[in-house]
Amino acid sequence: FAFFRNIFFNSKFISDSFNRENKSNYSFFPLPADNDKLEKITSIVKSKRNFSYFFAFDPSSFETRKNPMAVVKAFIRLNKKISNISLIIKVNTLYNINKDLLRLIKSNSNINLVSGFLSDDEYIKLLNSINTFVSLHRAEGFGRNIYEALYLGKDIVCSDYGGNKD
């Protein structure tokens with residue numbers, strides 16, 4: 001990074017991490033969020049099904065950072081006490097997904113795995129149809145999905161660590 005005078009990061013968490021390690025000029029520059037688009041979509045009627053939890057991650061990234069196994073195990077424990085709940089897990093691909101995780105997901109009929117890419121509108125519609133967004137991450141850069149869920153008035157269960165605190 002010696003060639004750059006200033007480097008911008010999309011969360012204070014990341015900026016502070018680099019500044020702490022390298023004592024260089026790294027700055028926080030928040031990502032813009034399209035509130036107008038989100039506001040238009042909030043009029044979508046909420047689904048009338050069971051109480052639903054939602055979690056999304058990219059198996060091609062560092063799976064341990066997003067901590068999907070903890071989400072699935074916590075849901076299974078809760079599902080033993082409360083039967084009329086569901087967990088929707090959104091991934092963009094099944095390639096690289098942990099085989100033990102996939103087996104655990106398939107072992108519970110109340111866990112629905114959604115695979116493939118969604119347009120922004122499709123993703124927001126899916127997000128708007130759930131009750132609670134879950135992110136038990138070990139680190140989060142900005143947490144755009146957490147922000148969008150909060151903006152849509154969803155309950156959030158997430159780690160108190162990382163860029164989502166910005």
Side-chain angles (χ1 to χ4, degrees), residues 9-22 26 28-31 33 38 46-47 49-120 122-166:
F9 294 98
N10 63 357
S11 78
K12 283 183 57 156
F13 172 72
I14 295 172
S15 177
D16 291 348
S17 295
F18 273 85
N19 279 322
R20 185 173 45 248
E21 292 296 319
N22 299 309
Y26 300 109
F28 167 55
F29 189 80
L31 288 173
L38 291 175
K46 188 177 170 190
S47 174
R49 60 188 155 78
N50 296 341
F51 192 91
S52 57
Y53 296 89
F54 178 69
F55 171 67
F57 78 102
D58 179 0
S60 298
S61 182
F62 295 101
E63 193 172 296
T64 55
R65 183 178 65 82
K66 288 292 189 172
N67 209 7
M69 190 65 85
V71 172
V72 171
K73 286 180 177 180
F75 175 80
I76 289 172
R77 281 195 307 272
L78 182 61
N79 196 207
K80 288 178 182 175
K81 297 177 182 179
I82 305 170
S83 61
N84 64 338
I85 60 174
S86 62
L87 172 63
I88 301 164
I89 299 175
K90 167 66 182 84
V91 295
N92 56 359
T93 180
L94 293 175
Y95 186 73
N96 288 338
I97 196 165
N98 179 306
K99 302 302 180 220
D100 293 332
L101 175 65
L102 196 54
R103 225 179 341 272
L104 199 55
I105 290 169
K106 289 180 177 181
S107 73
N108 189 304
S109 62
N110 287 346
I111 301 176
N112 303 294
L113 185 61
V114 178
S115 176
F117 289 95
L118 298 177
S119 70
D120 288 347
E122 290 169 329
Y123 179 76
I124 296 297
K125 285 178 185 177
L126 175 60
L127 194 56
N128 203 43
S129 72
I130 58 99
N131 299 98
T132 301
F133 183 86
V134 180
S135 179
L136 302 181
H137 58 269
R138 291 187 171 111
E140 187 65 71
F142 169 69
R144 185 178 206 94
N145 49 10
I146 297 169
Y147 168 81
E148 290 171 340
L150 282 171
Y151 188 87
L152 291 170
K154 302 301 166 184
D155 293 327
I156 304 292
V157 175
C158 73
S159 305
D160 186 24
Y161 182 74
N164 57 292
K165 294 175 69 170
D166 293 346

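As a basis for the values below, the full set of heavy atoms in this structure was taken, side chains included, without hydrogen atoms, waters or symmetry mates. Sequence positions, counted from 1, serve as the residue numbers for this chain.
For Asn108, the side-chain hydrogen bond (donor to acceptor under 3.5 Å, both in side chains) test picks out Asn79, with sequence neighbours left out. For the ring pair (Phe, Tyr, Trp, His ring centres under 6.0 Å) test, residues two or more places apart in sequence or in another chain that qualify with Phe57 are Phe55. Under the salt bridge (Lys or Arg N to Asp or Glu O under 4.0 Å) criterion, Arg103 pairs with Asp100, sequence neighbours left out. Remark: Asn145 pairs with no residue by the side-chain hydrogen bond (donor to acceptor under 3.5 Å, both in side chains) rule, at least two apart or across chains. The side chain to side chain contact (heavy atoms under 4.5 Å, CB included) check on Leu113 picks up Ile89, Val91, Leu94, Leu102, Ile105, with sequence neighbours excluded.
A distance-only check finds a donor-acceptor pair linking the side chain of Asn131 to the backbone of Ser52 [under 3.5 Å]. Looking only at distances, no side-chain donor or acceptor of Asp58 sits under 3.5 Å from a matching main-chain atom of Asn92.
Residues in residues 71-80 take part in no salt bridge (Lys or Arg N to Asp or Glu O under 4.0 Å) pair, two or more places apart or across chains.
The shortest distance between side-chain heavy atoms of Leu150 and Leu152 does not fall below 4.5 Å.
The distance from atom OG of Ser115 to atom CD1 of Ile97, rounded to the nearest 0.5 Å, is 8.0 Å. Rounding to the nearest 0.5 Å gives a distance of 10.5 Å between OG of Ser83 and CG of Leu78. To the nearest 0.5 angstrom, Lys81 atom NZ is 14.0 Å from Ile76 atom CD1. Here the straight-line distance linking atom NZ of Lys90 with atom CG of Leu126 works out to 8.5 Å at 0.5 Å rounding.
Across every non-hydrogen atom of Asn128 and Lys154, the tightest pair is O-NZ, 2.9 Å. Closest non-hydrogen pair, Leu127 versus Ile130, comes out as O-CG1, 3.0 Å. Shortest non-hydrogen contact noted between Asn112 and Ser109 is OD1-O, 4.4 Å.
Using bins of under 30°, 30° to 60° and over 60° for the plane-to-plane angle, the ring pair Phe75/Tyr53 lands in the perpendicular bin.
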